[in-house]
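Everything below concerns the one structure shown next.
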2 protein chains.
Amino acid sequence: MDTKNAVIILASLAQGARLEIFRQLVQAGPSGLAAGDIAIKLNIPGSTLSFHLKELTHAELVTAKQTGRFIYYSAAFNVMNDLLGYLTENCCQLEKSSSENLCCDGLLCNEVAS
Amino acid sequence: MDTKNAVIILASLAQGARLEIFRQLVQAGPSGLAAGDIAIKLNIPGSTLSFHLKELTHAELVTAKQTGRFIYYSAAFNVMNDLLGYLTENCCQLEKSSSENLCCDGLLCNEVAS
DNA sequence: TCTATATTTCCATAAATATAGAAACGTTGT
DNA sequence: ACAACGTTTCTATATTTATGGAAATATAGA
């Protein structure tokens with residue numbers, strides 16, 4: 001993961017329709033949802049949905065798998081996890097944290113146990 | 001946290017310069033960095049930096065605190081944590097996960113222990 | 001092969017965002 | 001009051017992004 005990569009992923013999420021799409025896919029889990037189902041659930045015109053799905057898959061935050069006439073989209077959980085790791089890299093490195101208190105409320109500091 | 005809010009935060013990170021600024025602030029920890037220090041570290045003109053800092057503070061992902069002539073910016077870790085929670089809300093709800101295996105590689109499923 | 005269905009690509013248009021120089025604004029020390 | 005410094009606002013310009021109708025493509029079943 002590098003900056004360029006992270007920006008592409010974040011930009012793919014930084015838009016109302018796409019964020020909703022992604023959240024639907026997170027909820028749907030690994031088996032995903034067909035494009036048409038997403039279009040109905042979120043009430044988005046086909047061409048617009050297709051544009052957004054392309055953005056998400058280009059960011060590799062979502063993967064597509066064709067099954068018959070349907071194309072199933074699902075969230076790429078591993079990519080999301082990598083992104084979170086990148087965002088929190090070297091968290092609070094410059095602060096000598098006094099005591100065991102994590103400097104940033106927990107979640108972010110997962111990997112900085114030293 | 002709602003979609004609108006999350007989009008603003010994500011958009012504030014979805015840009016090379018701003019992502020780098022945020023990561024510097026994550027590394028700097030709660031005490032933060034003065035605007036000028038960031039400008040030097042990242043080699044960004046003052047006006048451009050100011051524009052980006054405004055975006056980040058508007059998203060409330062970064063907070064500003066004036067001390068004398070300097071303005072110190074620091075990462076709002078709690079807001080970042082809220083965002084992560086929002087992104088992973090109801091993760092894999094629709095999948096009856098067989099066994100104890102988390103459906104999405106760990107990190108994302110933190111809160112879905114049931 | 002013909003038809004229906006699922007999805008994407010093409011296209012034009014509208015809107016939002018990034019950039020950086022110059023000028024302005026606060027704060028501090030003299 | 002003045003000068004120096006840190007930072008922001010103003011401004012214009014260039015670039016990127018979103019939207020959705022219409023046409024094209026792909027798959028499946030009769």
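Per chain, numbering begins at 1; letters A, B, ... match sequence-line order. As a basis for the values below, the full set of heavy atoms in this structure was taken, side chains included, without hydrogen atoms, waters or symmetry mates. Note that the structure is a prediction, hence the values are computed from the model and not measured.
- When each of C/dA18, C/dT7, C/dT27 is scored by its nearest atom to the side-chain atoms of B/Gln66, the top-ranked nucleotide is C/dT27.
- The side chain of B/Ser47 lies closest to D/dT9, out of D/dT9, C/dT9, D/dT7.
- Map B/Thr48 and A/Arg18 each onto its nearest nucleotide of DNA chain D; the residue landing nearer the 5' end is B/Thr48.
- In this structure, B/Leu56 atom CG and C/dT17 atom P are separated by 14 Å, rounded to whole Å.
- With distances taken from any side-chain atom of B/Ser50 to the nucleotides C/dT7, D/dT8, D/dT27, the minimum falls on D/dT8.
- Of all heavy-atom pairs spanning B/Tyr73 and B/Ala35, the tightest one is CE1-CB, 4.0 Å.
- Side chain of B/Lys54, nearest nucleotide from C/dT19, D/dT9, D/dT27: D/dT9.
- One atom, CD of A/Glu55, and another, P of C/dT8, lie 13 Å apart when rounded to the nearest Å.
- In the set C/dA18, C/dG26, D/dT19, C/dG26 carries the atom at the smallest distance from any side-chain atom of B/Arg69.
- The side chain of A/His52 has D/dT19 as its nearest neighbour among D/dT19, D/dT7, C/dT7.
- Counting non-hydrogen atoms under 4.0 angstrom, B/Ala34 reaches the backbone sugars and phosphates but no base.
- Within 4.0 Å of A/Tyr72, counting heavy atoms only, lies no atom of the nucleic acid at all.
- Nucleic acid contact for B/Gly68: sugar-phosphate only, since backbone atoms but no base atoms lie under 4.0 Å from a heavy atom of the residue.
- Using a 4.0 Å heavy-atom criterion, one finds that B/Gly46 contacts the bases of the nucleic acid, with or without backbone contacts as well.
- With axes fitted over five pairs at each extremity, the angle between the ends of the helix from C/dT1-D/dA30 to C/dT30-D/dA1 is 30° (10° resolution).
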